[in-house]
Amino acid sequence: MSERRYEAREIEARWQSVWAQEGTWEVDNRTSQATAGIRSHPPGGTTRAQSDKSYVLEMLPYPSGEPHIGHLKNYAIGDAIAHFRRRTGHRVLHPMGYDSFGLPAENNAIKTGVHPRVATEQSIAAFQRAFRSWGISIDWRREIASHEPDYYRWTQWIFLQLYKRGLAYRKESAVNWCPNDQTVLANEQVIDGRCERCGHEVELRQLEQWFFRITDYADRLLDDLDRIDWPEHVKTMQRNWIGRSVGAEVNFRCAELGIDYPVFTTRPDTLFGATFFVMAPEHPDVFRLAAGTPNEQAVHQYVNHALTESAEERGDAEKTKTGVFLGRTVTNPVTGEEIPMYVADYVLMEYGTGAIMAVPAHDERDHAFARAYDLPIRQVVAPKDGSAVDLRTEAYVTKADDAILVNSGDFNGLTPKAGFERIVHWLDLEGIGHPSVNFRLRDWLVSRQRYWGCPIPIVYCDEHGMVPVPEDQLPVTLPEVQDYQPRGRSPLATAQDWVNTTCPRCGGPARRETDTMDTFVDSSWYFLRYCDARNDDQAWDPAVLREWMGVDQYIGGVEHAILHLLYARFFVKALADMDLLDVQEPFNALFTQGMILGPDGQKMSKSRGNVIPPTPLIERFGADSVRTYILNMGPPDQDAAWNDNALSGAHRLLSRLWTLGSELGAGARGPLATGDAEAVIQPADPSGDGLTLVRKANWAIDRVTSEFVGRFGFHNAIAAVTELVNDLYRYPQADIEARKFAVATAASLTFPFAPHLGAEVFEMVTGRRAWEEPWPAPDPAMLVADSFELVCQVNGKVRDRVRAPSGSSREQLEQLALAAPGIVAHLEGHELVKLIVVPDKLVNVVVR
RNA sequence: GCCCGGGUAGACAAACUGGCAAAGUCGGCGCUCUUAAAAAGCGCUGCCCGCAAGGGCCCUGCGGGUUCGAUCCCCGCCCCGGGUACCA
């Protein structure tokens with residue numbers, strides 16, 4: 001009697017060393033341009049279509065400290081998919097890397113004096129150990145880290161390509177400034193007026209900065225969302241962020257000064273209701289307009305106050321509207337009326353033209369302003385049914401077809417939609433307006449006044465101004481500095497030897513750009529580099545990209561729904577326009593996994609003390625158990641709270657499977673044993689309990705497979721395997737061939753979730769390697785039973801169940817149901833109205 | 001405010017989007033093995049009546065509707081989570 005038990009650590013170490021020694025998860029490029037380290041097939045060799053490849057990618061980790069349990073979830077999901085795709089005949093690219101530039105390492109350096117590189121590389125080492133101990137199937141030859149010159153050389157190269165095409169540019173504008181981190185931030189990094197990283201209130205500062213012209217791609221970024229298989233809510237978030245608004249630009253003329261002021265409006269149909277006009281405090285003409293009017297002083301005071309407000313104060317929609325009369329009027333182009341001009345901080349310079357026509361009757365904000373300053377409110381839209389609207393308390397905001405235009409001259413009686421079209425057309429003919437589209441999306445601010453990032457490859461020459469560093473001089477390496485403390489300018493500025501350089505154009509003295517790039521630049525193209533990671537001559541060989549791109553399945557957290565996923569899409573489109581690659585979208589399919597919450601149901605955080613570090617769990621239960629548990633917690637796209645007991649349940653499942661394997665196999669052989677390898681063969685003619693097991697095994701194959709091709713409901717897949725294992729314990733008398741088949745199937749199906757244990761048990765029973773076996777296909781004959789339980793209902797309520805042969809005719813089923821005792825009892829005293837028959841399922845007897 | 005998700009046993013969840021509500025896991029209760037415990041294995045576990053066999057009624061946040069039949073579709077409401085918020 002064997003006392004052996006499932007020893008996860010032993011098993012996992014053994015298989016991990018096999019995979020490392022044999023390079024099991026490495027995949028070669030087929031393309032001819034051989035590059036060091038990654039073999040390529042010679043040209044003329046078999047070039048199959050791209051259709052057999054599958055690029056499975058999890059978002060690369062930001063290496064800070066030790067990996068946490070959320071990382072494990074991310075990579076457990078991706079690894080399961082990668083394994084499944086390999087075994088369904090795909091060449092799978094499944095690489096790994098590190099997003100290794102960034103603020104936390106730098107802030108740590110400020111605190112401790114340890115170079116960010118040291119802390120980062122320590123963390124990378126911890127991640128590497130973790131990935132190996134978790135048994136993630138990675139092609140390590142393609143590993144990258146964005147802080148290494150080998151990588152950021154090409155980040156700089158891409159910057160220069162964007163610069164050449166006018167997609168990277170410098171401009172002065174009001175930008176978000178975090179006084180705590182002492183750097184500017186992209187719009188996307190400001191959450192509720194606060195810094196995404198440190199939570200400090202963000203200020204607006206007028207600064208000259210580097211931008212990427214992502215707004216040029218607004219339409220394509222929006223339209224192409226329809227072509228990719230992403231969760232609908234992520235697409236919606238991107239659509240809202242891009243914020244396309246269709247409307248018109250209309251000129252309002254200030255006759256006194258003879259200047260036209262265009263405004264953007266989405267409601268040209270309400271033009272007749274425009275009773276005043278408002279400009280943003282930043283509008284360049286505000287002082288000019290007020291000059292010489294009695295309001296000049298008040299305007300200056302108001303503007304100065306508005307400009308010093310924080311982004312949060314300024315953005316508060318709840319606060320009462322304020323503003324000041326500019327002392328001038330403009331002409332409403334359709335009514336000919338002179339309407340007063342105001343400056344007010346609810347109008348934003350960055351959107352539209354920085355000026356608006358105010359229609360207080362039909363816009364909430366204008367309504368609030370009109371009420372505060374007692375301005376006229378003129379109704380120009382009314383309910384079609386003639387009912388009255390009380391405009392004293394709130395605006396009547398509708399574009400629906402149950403409303404019509406009123407007080408709008410020739411346009412009276414039109415629906416808002418029709419009025420929109422007709423008025424814009426009329427404005428166009430008169431030359432005072434035209435159709436216009438506006439976006440909420442702003443250009444991407446990419447420069448940062450921080451140390452630990454990719455240097456911007458630009459120098460400033462007294463003679464030639466801004467000069468790009470020639471491509472053959474890349475990388476511009478990050479210099480060593482003594483002091484990482486940001487002081488409003490980049491710490492790089494203190495590296496005098498580095499800053500002072502020569503102009504590539506004239507050889508004269510020049511200074512380097514000292515800002516570094518936002519780390520989101522690094523992560524906007526890493527998935528391209530994996531394809532050709534060891535290429536020293538170029539960022540990638542376009543032919544290699546043709547082989548692998550786009551990513552067939554991308555997996556990561558929703559927190560990147562806007563930032564990373566939008567920037568990466570922009571990069572790919574821009575690079576495609578330069579003929580450097582030929583896909584339009586980086587990620588054809590996206591899966592967003594949910595968070596693992598602490599046992600208290602709260603987000604894990606050090607301050608809450610509810611963090612579950614993965615390593616002790618791995619040591620105690622093994623990576624397979626933790627991986628299986630994490631995938632079994634619930635739908636993987638949903639958040640779920642940690643539960644130690646449930647983890648031991650997953651461990652129990654694997655242990656039970658291992659026990660079955662060790663009983664049926666000739667004991668553990670070890671992976672290199674030369675046993676009598678037998679294919680997994682379904683017994684030819686199973687019967688009794690054996691037939692039950694064979695059927696269950698086929699049912700499990702079917703269920704697990706459908707989760708992989710469908711919604712990735714791995715908890716359901718694992719439940720199916722659990723049922724199969726439970727049945728193996730329930731029917732110990734089944735014949736040995738059927739049991740072997742069922743255990744081998746269970747191991748085979750478990751392999752993507754628990755690869756070590758899956759491989760071990762599979763090998764014990766068959767002498768073969770699970771990952772070299774094709775994914776099992778269910779035997780259709782075993783998926784259908786020859787009889788089923790016919791549900792018998794009366795008026796939709798279940799009253800009986802009887803066995804019926806599969807494929808029975810309606811008449812047969814009706815007779816069976818009507819004879820069922822439970823039905824007979826409920827028919828007494830009732831009149832039979834009709835019979836509903838669902839073949840192979842149920843009969844419903846409708847009575848009165 | 002607006003836009004998405006979501007609400008099913010004590011907990012996490014399933015039900016292939018109109019056909020047996022609750023698979024599977026955890027927890028709880030009981031049993032087997034054991035000197036004992038652990039481990040392992042087995043059984044029970046929505047509510048009410050009944051010692052029980054069994055039966056009845058109820059049950060997917062709440063209220064209505066459509067349907068032979070609703071967790072699923074429609075209308076109204078309540079709660080939770082996320083996104084976004086003066087974008088004209």
Side-chain angles (χ1 to χ4, degrees), chain A residues 3 5 191-193 231-237 239-241 243-245 247 263-267 270 274 278 314-319 321 344-348 350-359 362-366 368-369 438-442 558-559 561-562 594 601 628-629 632-635 637-650 652-653 655-656 659 702-703 706-707 710-711 713 715-723 725-726 729-730 732 789-801 825 833-838 841-847:
Chain A
E3 282 303 306
R5 3 185 334 192
I191 313 290
D192 293 332
E232 210 42 56
H233 69 280
V234 176
K235 290 192 193 183
T236 305
M237 280 163 71
R239 283 191 192 106
N240 291 342
W241 190 262
R244 182 182 144 103
S245 297
V263 301
F264 173 74
T265 177
T266 54
R267 296 296 305 275
T270 64
V278 192
R314 173 87 184 260
D316 182 9
E318 300 306 307
K319 77 173 184 181
K321 298 272 178 291
D345 67 359
Y346 81 93
V347 175
L348 308 174
E350 314 89 80
Y351 189 77
T353 62
I356 61 158
M357 67 175 208
V359 183
H362 308 294
D363 180 279
E364 281 173 33
R365 297 150 301 176
D366 298 344
F369 192 83
N438 253 273
F439 293 91
R440 212 189 83 114
L441 184 69
R442 305 288 146 73
V558 233
E559 63 274 18
I562 296 169
T628 304
Y629 164 60
N632 200 29
M633 287 174 90
D637 55 350
Q638 216 167 281
D639 293 351
W642 186 264
N643 180 339
D644 276 326
N645 290 322
L647 167 61
S648 63
R652 194 168 303 131
L653 166 67
S655 177
R656 278 156 70 83
T659 304
D702 191 47
R703 290 223 47 182
S706 71
E707 292 302 345
R711 305 265 121 76
H715 59 309
N716 291 330
I718 292 165
V721 174
T722 307
E723 284 194 53
V725 170
N726 287 348
Y729 278 82
R730 192 167 297 142
E789 202 161 61
L790 177 70
V791 173
C792 306
Q793 299 180 327
V794 176
N795 286 349
K797 289 196 167 148
V798 181
R799 297 303 184 190
D800 210 338
R801 291 157 226 256
V833 179
K834 64 170 160 175
L835 288 163
I836 310 278
V837 180
V838 182
K841 260 200 188 110
L842 63 79
V843 173
N844 186 16
V845 186
V846 185
V847 299

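Just so it is clear: chains get the letters A, B, ... in the order the sequence lines come, proteins before strands, and each one is counted from 1.
- With a cut-off of 3.5 Å on both pairing distances, the Watson-Crick or G-U wobble partner of B/G27 is B/U45.
- If you take atom C1' in B/G28 and the same atom in B/A11, they sit 12 Å apart, rounded to whole Å.
- For the P atoms, the distance linking B/C59 with B/A70 amounts to 11 Å, nearest Å.
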Which protein N or O atoms sit under 3.5 Å from an N or O of nucleotides 21-25 of chain B?
from	atom 1	to	atom 2	distance (Å)
B/A23	O2'	A/Glu723	OE1	3.4
B/A23	O2'	A/Glu723	OE2	2.3
B/U25	OP1	A/Asn726	ND2	3.3

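- For the pair A/Arg656 and B/C42, the criterion of a side-chain N or O lying under 4.0 Å from OP1 or OP2 is met.
- Taking only side-chain atoms of A/Ile562, from C-beta outward, the nucleotide of B/A85, B/G83, B/C68 with the closest atom is B/G83.
- Comparing B/G7 with B/C62, their P atoms are spaced 13 Å from each other, to the whole Å.
- In this structure, the CE atom of A/Met237 is 14 Å from the C1' atom of B/A85, given to the nearest Å.
- Applying the side-chain hydrogen bond (donor to acceptor under 3.5 Å, both in side chains) rule to A/Arg730 yields the partners A/Asp727; only residues at least two apart in sequence or on another chain are considered.
- Only the C1' atoms considered, B/G27 is 12 Å distant from B/A9, to the nearest whole Å.
- Qualifying ring-ring contact (aromatic ring centres under 6.0 Å, His included) partners for A/Trp642, counting only residues two or more places apart in sequence or in other chains: A/Tyr629.
- Across B/C26 and B/G81, the matching P atoms stand 29 Å from one another, rounded to whole Å.
- Spacing between B/G46 and B/C29 at atom P, rounded to whole Å, works out to 16 Å.
- If you find the closest nucleotide of RNA chain B to A/Asn643 and to A/Arg267, the one lying nearer the 5' end belongs to A/Asn643.
- A/Val791 comes within 4.0 angstrom of a base, heavy atoms only.
- No more than 12 heavy atoms of other residues, nucleotides or ligands lie within 6.0 Å of CZ in A/Arg711, so this atom counts as exposed by the packing criterion.
- Between the CG atom of A/Asp800 and the P atom of B/G55 there is a distance of 9 Å, given to the nearest Å.
- When heavy atoms are screened at a 4.0 angstrom cut-off, A/Arg442 is found touching base atoms of the nucleic acid.
- Across all strands shown, the partner of B/G76 is B/C62, judged by Watson-Crick or G-U wobble contacts whose two distances both fall under 3.5 Å.
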Pairwise N/O distances under 3.5 Å, protein to nucleotides 31-33 of chain B:
none

Walk along nucleotides 3-8 of chain B from 5' to 3' and tag each nucleotide B, S or - by protein heavy-atom contact under 4.0 Å, base first, then sugar-phosphate. SS----
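- Here the closest heavy-atom approach between residue A/Arg703 and residue A/Ala720 is recorded as CB-CB, 3.9 Å.
- Residues meeting the ring-ring contact (aromatic ring centres under 6.0 Å, His included) test with A/Tyr346, sequence neighbours left out: A/Phe369.
- Separating the CG atom of A/Leu647 from the P atom of B/C26 is a distance of 11 Å, rounded to the nearest angstrom.
- Distance check on atom C1': B/U17 versus B/U71 gives 10 Å, rounded to whole Å.
- The phosphate of B/A40 has neither OP1 nor OP2 within less than 4.0 Å of any side-chain N or O from A/Ser655.
- A/Ile356 is not listed as a side-chain neighbour of A/Asp363, based on a closest heavy-atom distance of 4.5 Å or more.
- To the nearest angstrom, C1' of B/G18 lies 12 Å from CD1 of A/Ile836.
- Nucleotide B/G27 holds its P atom 15 Å from the CE atom of A/Met633, rounded to whole Å.
- The residue among A/Asp639 and A/Val347 whose nearest nucleotide of RNA chain B lies closer to the 5′ end is A/Asp639.
- Put simply, the side chain of A/Glu707 gets close to the backbone of A/Gly713: a donor and an acceptor are under 3.5 Å apart.
- Base-pair partner of B/C57: not found among the strands shown (Watson-Crick or G-U wobble, both distances under 3.5 Å).
- In terms of the side-chain hydrogen bond (donor to acceptor under 3.5 Å, both in side chains) criterion, A/Ser648 has no residue partners (sequence neighbours excluded).
- Only the P atoms considered, B/C16 is 11 Å distant from B/C73, to the nearest whole Å.
- Residue contacts shown for A/Val359 are absent, as no nucleic acid heavy atom lies under 4.0 Å away.
- Applying the side-chain hydrogen bond (donor to acceptor under 3.5 Å, both in side chains) test to A/Arg656 and every residue at least two apart in sequence or in another chain returns A/Asn726.
- When the C1' atom of B/G55 is taken as reference, atom NZ of A/Lys797 falls 15 Å away, rounded to whole Å.
- Residues passing the side chain to side chain contact (heavy atoms under 4.5 Å, CB included) test with A/Ser706, sequence neighbours excluded: none.
- Partners of A/Val234 according to the side chain to side chain contact (heavy atoms under 4.5 Å, CB included) rule, which considers only residues two or more places apart in sequence or in another chain, are A/Trp230, A/Pro231, A/Val558, A/Ala561, A/Leu565, A/Leu590, A/Thr592.
- Atom CZ in A/Arg799 sits roughly 20 Å away from atom P in B/G19 (whole-Å rounding).
- Across the strands present, B/A40 finds its partner in B/U32; the criterion is a Watson-Crick or G-U wobble pair with both atom distances under 3.5 angstrom.
- When distances run from any side-chain atom of A/Trp241 to the nucleotides B/A85, B/G19, B/A88, the shortest one goes to B/A85.
- Every side chain to side chain contact (heavy atoms under 4.5 Å, CB included) that A/Lys834 has, sequence neighbours left out, goes to A/Ile836, A/Val846.
- A/Glu364 CD: 12 or fewer foreign heavy atoms inside a 6.0 Å radius.
- Remark: B/U67 base-pairs with no nucleotide; criterion is Watson-Crick or G-U wobble with both hydrogen-bond distances under 3.5 Å.
- With a cut-off of 3.5 Å on both pairing distances, B/G50 has no Watson-Crick or G-U wobble partner at all.
- A donor-acceptor contact shorter than 3.5 Å is absent between the side chain of A/Asn438 and the backbone of A/Ser245.
- Within 4.0 Å (heavy atoms only), A/Tyr629 reaches no atom of the nucleic acid at all.
- When the P atom of B/G19 is taken as reference, atom CG of A/Asn844 falls 13 Å away, rounded to whole Å.
- With sequence neighbours excluded, no residue forms a side-chain hydrogen bond (donor to acceptor under 3.5 Å, both in side chains) with A/Asn240.
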